[in-house]
There are 2 protein chains.
Amino acid sequence: MEPEDVFRTLADGTRRGLFERLAREGELSVSALTAGAGVSQPAVSQHLKALRLANLVGETRHGRTVLYRANPEGLRPLVDWMALYGRFWAARFDALEDLLNRMDQ
Amino acid sequence: MEPEDVFRTLADGTRRGLFERLAREGELSVSALTAGAGVSQPAVSQHLKALRLANLVGETRHGRTVLYRANPEGLRPLVDWMALYGRFWAARFDALEDLLNRMDQ
DNA sequence: CAATTACATAAGCAATGACTTATTTATCCG
DNA sequence: CGGATAAATAAGTCATTGCTTATGTAATTG
């Protein structure tokens, strides 16, 4: 997955809001997500499809309800991009990696 | 600056490409950026304006040329957002924030 | 089995946005 | 000065996109 996909998918506030709720609250059904999303259920389904195509959420069907959850690994392209193009941050990321390596030993 | 602004500004590939070039190559004029951007000079100027409004680039006028440079600090909303919503990544970003705070002292 | 519920898909519409060419503004130079 | 160059702005076009309502599909329930 390219940074392009992740940036574009998270650029919309409503869609990013859905991801945020899933990240905070864990597994949620479409109905649960629709309540409080401020848009219709089809709109939510369309956003969830976009998030799924960007590998940012996963789904499991339970009978007639579908539970969605955030897939944090989908954020990896963003992490990588920041490490590459953050420059100012990059040095600090490197320092972080050093720190992590030392912590892991 | 809100995460919204940064996500939306970096969502466009051409615009993000300009930021990337500035992050890699340092200060560049509009003409230099236009060469290799694949779009016209006005398009580049419009993208630079968007990047500037999102606090992602800075500019300095030198006679009739204007030098742009990346402002990595503008990525902070992204770092913060990832720390909040990355979950899996969160631990590492929290460690990063701690590290940054210690480095700043 | 018919009605209901959960969700996805279809179709259409209005707003946004990324581009273009044309023009403006400002600075440099012969 | 006057022409040329650098960049910004103006105006218009076309594609994308996020929303809506309407409908389809599948699973539960009475």
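Naming: A, B, ... by sequence-line order, numbering from 1 per chain.
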Show me the protein contacts with nucleotides 27-30 of chain C, counting only N or O atoms at under 3.5 Å.
unit_1, atom_1, unit_2, atom_2, d
dT27(C), O2, Arg64(B), NH1, 3.3

Problem set entry | Non-hydrogen side-chain atoms of Leu18(B) and Leu33(B) separated by less than 4.5 Å | yes
Problem set entry | Glu25(A), CD: over 12 other non-hydrogen atoms inside 6.0 angstrom | yes
For this session: Tell me which nucleotide among dT20(C), dA8(C), dA8(D) gets nearest to the side chain of Glu59(B).
Result: dA8(D)
Exercise. Touch check for Ser40(B), heavy atoms < 4.0 angstrom, all strands: base, sugar-phosphate only, or nothing?
Worked result: base
Exercise. Would you call Leu10(B) and Val6(B) a side-chain contact if the rule is heavy atoms closer than 4.5 Å?
Worked result: yes
For this session: Send over the distance from Asp5(B) CG to dT16(C) C1', rounded to a whole Å.
Result: 16 Å
Exercise. Which comes earlier along DNA chain C counting from the 5' end, the contact point of Tyr68(A) or that of His47(B), where each point is its nearest nucleotide?
Worked result: Tyr68(A)
Exercise. Which one, dC19(D), dA8(C), dA8(D), comes nearest to the side chain of Ser45(A)?
Worked result: dA8(C)
For this session: Answer yes if Phe19(B) and Leu67(B) sit in the same cluster of Ile, Leu, Val, Met, Phe, Trp and Tyr residues linked by side chain heavy atoms under 4.5 Å apart, and no otherwise.
Result: no
Exercise. Got a sec, which residues hit ring pair (Phe, Tyr, Trp, His ring centres under 6.0 Å) with Phe7(B), two or more places apart in sequence or on another chain?
Worked result: Trp81(B)
Seminar exercise, completed: From CD of Gln41(A) across to P of dT20(D) the rounded distance in Å is 11 Å
For this session: Have a look at Arg52(B) and say if it touches a base, only the backbone sugar-phosphate, or nothing, with a 4.0 Å heavy-atom cut-off.
Result: nothing
Exercise. Quick one: is dA27(D) close enough that its OP1 or OP2 comes under 4.0 Å of any side-chain N or O from Thr65(A)?
Worked result: no
Exercise. Above 12 or not: heavy atoms from other molecules or residues under 6.0 Å from CD of Glu2(A)?
Worked result: no
Exercise. Which pairs pass salt bridge (Lys or Arg N to Asp or Glu O under 4.0 Å) with one or both residues in residues 51-60 of chain B, sequence neighbours excluded?
Worked result: Arg52(B)-Glu59(B)
For this session: Starting at atom CZ of Arg8(A), determine the distance to atom C1' of dT16(D), rounded to an integer number of angstrom.
Result: 9 Å
For this session: With sequence neighbours excluded, give me every salt bridge (Lys or Arg N to Asp or Glu O under 4.0 Å) pair touching residues 39-50 of chain A.
Result: none
Problem set entry | Leu51(B) CG to dA18(C) C1', straight-line distance once rounded to whole Å | 13 Å
For this session: Round to the nearest Å and state the distance from Arg16(B) atom CZ to dG17(C) atom C1'.
Result: 16 Å
Polar-atom pairs under 3.5 Å, protein N or O versus N or O of nucleotides 10-14 of chain D: list them with distances, or write none.
none

Problem set entry | Contacts of type side chain to side chain donor-acceptor pair (under 3.5 Å), residue Ser45(B), not counting sequence neighbours | Gln41(B)
Exercise. In whole Å, what is the span from the CG atom of Leu53(A) to the P atom of dG18(D)?
Worked result: 13 Å
For this session: Please report, rounded to the nearest Å, how far the C1' atom of dG18(D) is from the CD atom of Glu4(B).
Result: 13 Å
